[in-house]
2 protein chains.
Amino acid sequence: MPVGDEDSQRRIDAMIAALRAAGLRLTHQRLEVTREIAASDEHPGVERVFRAVRVRVPTISLDTVYRTLATLADLGLVSRVTATPGPVRYDANRAPHHHFVCTRCGLIRDVENHVLDELPVPVSAEALGRVESVEVQLLGVCGDCQRKEAEHV
Amino acid sequence: MPVGDEDSQRRIDAMIAALRAAGLRLTHQRLEVTREIAASDEHPGVERVFRAVRVRVPTISLDTVYRTLATLADLGLVSRVTATPGPVRYDANRAPHHHFVCTRCGLIRDVENHVLDELPVPVSAEALGRVESVEVQLLGVCGDCQRKEAEHV
DNA sequence: GTCTCTGCAAAGTTTTTGCAGTCCC
DNA sequence: GGGACTGCAAAAACTTTGCAGAGAC
């Protein structure tokens with residue numbers, strides 16, 4: 001299911017304006033990658049965007065798609081769905097709990113909270129499938145990284 | 001901060017019992033990897049567990065740690081922190097929203113829900129750092145995968 | 001003794017980087 | 001024309017796999 005045309009167009013316009021504002025060039029490749037990600041609500045990976053864009057721009061390379069999506073993410077125009085970058089990490093805590101994740105250094109800490117443990121499952125989610133667990137991620141900047149940022153100002 | 005001794009010991013006992021129940025062998029390497037992950041609340045990656053265990057078992061190899069953690073995860077004794085396996089995926093939806101994630105096929109769908117948008121940030125999380133956003137992941141099995149499971153029964 | 005598990009090595013995946021040419025501004 | 005961007009290729013980072021020997025039961 002693609003995003004509605006008007007939403008998609010609004011996204012594209014905002015992204016192009018932001019690219020321009022950042023002083024970045026509006027190359028053919030960048031525009032097509034931007035169009036593709038803006039028009040999708042399937043949370044595609046790099047490979048998938050690459051295949052879709054290649055239909056219209058047969059000479060585009062996979063690493064350009066990598067670089068373009070990274071650029072859009074740096075500008076805050078798209079987000080990475082997986083909160084923690086890098087290798088897989090494991091957790092031996094089997095009790096229901098949630099995570100604080102530092103987006104700077106990747107620190108992850110358990111957060112226990114009964115309100116979060118008992119969240120109602122939205123009806124719109126039940127329509128998609130059987131929900132087996134609910135995990136809350138609190139994304140932010142940990143104490144250490146805040147201190148480092150303060151030092152560098 | 002390590003897990004309390006009594007919690008850690010309880011986890012280790014439960015994991016060893018489960019390994020035995022599954023008919024798996026309690027090798028020196030498996031026991032040490034199990035001890036290491038049970039004693040940590042830092043959500044370590046494979047590399048980190050490897051380095052820690054190598055102090056006690058100098059001959060252990062990295063791929064044994066990979067295999068052992070995968071085994072523990074398959075038995076449900078530990079969990080992978082990053083919900084979506086495989087490559088990074090991107091999302092152009094900048095409005096606050098949440099995700100339904102199919103743990104079988106990796107399908108991700110946006111879920112909009114105002115209750116989830118306005119969750120209170122637990123005090124215990126504020127002690128860890130500045131929380132910038134709250135994301136809820138609803139993990140489960142999507143309609144397609146449920147249908148496939150039903151066919152194979 | 002049997003059969004699983006381990007260590008080694010090699011390969012597979014995903015992502016990043018260096019460089020020379022291209023093309024936006 | 002200048003400088004950022006692209007495509008290519010190679011490398012780096014992460015993970016999986018095949019095989020022969022070692023060790024748990």
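Numbers restart at 1 for each chain; the letters A, B, ... are given by sequence-line order, proteins then strands. In this text, all values refer to a predicted model and were calculated from it rather than measured experimentally.
A residue-by-residue look at B:Ser61 and A:Val46 shows that B:Ser61 has its nearest nucleotide of DNA chain C further toward the 5' end. Each of A:Ala70 and A:Leu24 was matched to the nucleotide of DNA chain C holding its nearest heavy atom; the match closer to the 5' end belongs to A:Ala70. Looking at which nucleotide of DNA chain D each of A:Pro87 and B:Arg20 is closest to, the 5′-most match is held by A:Pro87. Looking at which nucleotide of DNA chain D each of B:Leu62 and A:Thr59 is closest to, the 5′-most match is held by A:Thr59.
Taking atom CZ on B:Arg67 and atom P on D:dA22, their separation rounds to 16 Å, with Å as the unit. The distance between atom CD1 of A:Ile60 and atom P of D:dC8, rounded to the nearest whole Å, is 11 Å. Note: OH (B:Tyr90) to C1' (C:dT14) measures 11 Å, nearest angstrom. Rounded to an integer number of Å, the gap from CG of B:Leu19 to P of C:dT4 is 16 Å. Rounding to whole angstrom units, CG of residue B:Asp63 and P of D:dA22 are separated by 17 Å. Between the CD atom of A:Gln29 and the P atom of D:dC8 there is a distance of 11 Å, rounded to whole Å. Between the OH atom of B:Tyr66 and the P atom of D:dA13 there is a distance of 12 Å, rounded to whole Å. Note: CZ (A:Arg30) to C1' (C:dC23) measures 12 Å, nearest angstrom.
A donor and an acceptor atom, one from each side chain of B:Gln9 and B:Asp13, are located under 3.5 Å apart.
A salt bridge is defined here as a Lys NZ or Arg NE, NH1 or NH2 lying under 4.0 Å from an Asp or Glu carboxylate O, and A:Glu151 with A:Lys148 fails to meet this definition. Between B:Asp63 and B:Arg67 there is a salt bridge, since a side-chain N of the basic residue sits under 4.0 Å from a carboxylate O of the acidic one.
Residue A:Thr27 has no polar side-chain atom (N or O) positioned under 4.0 Å from OP1 or OP2 of D:dC5. Contact annotation: A:Thr64 does not reach the phosphate of D:dC5 (side-chain N/O to OP1 or OP2, under 4.0 Å).
Between the side chain of B:Arg25 and the base of C:dC3 there is at least one donor-acceptor pair of N/O atoms closer than 3.5 Å.
Taking the side chain as every heavy atom from C-beta outward, B:Leu138 and A:Pro122 approach each other to under 4.5 Å.
Using a 4.0 Å heavy-atom distance criterion, A:Val88 is classed as a sugar-phosphate-only contact.
In this structure, A:His97 and B:His43 have tilted ring planes: the angle between them lies in the 30° to 60° band.
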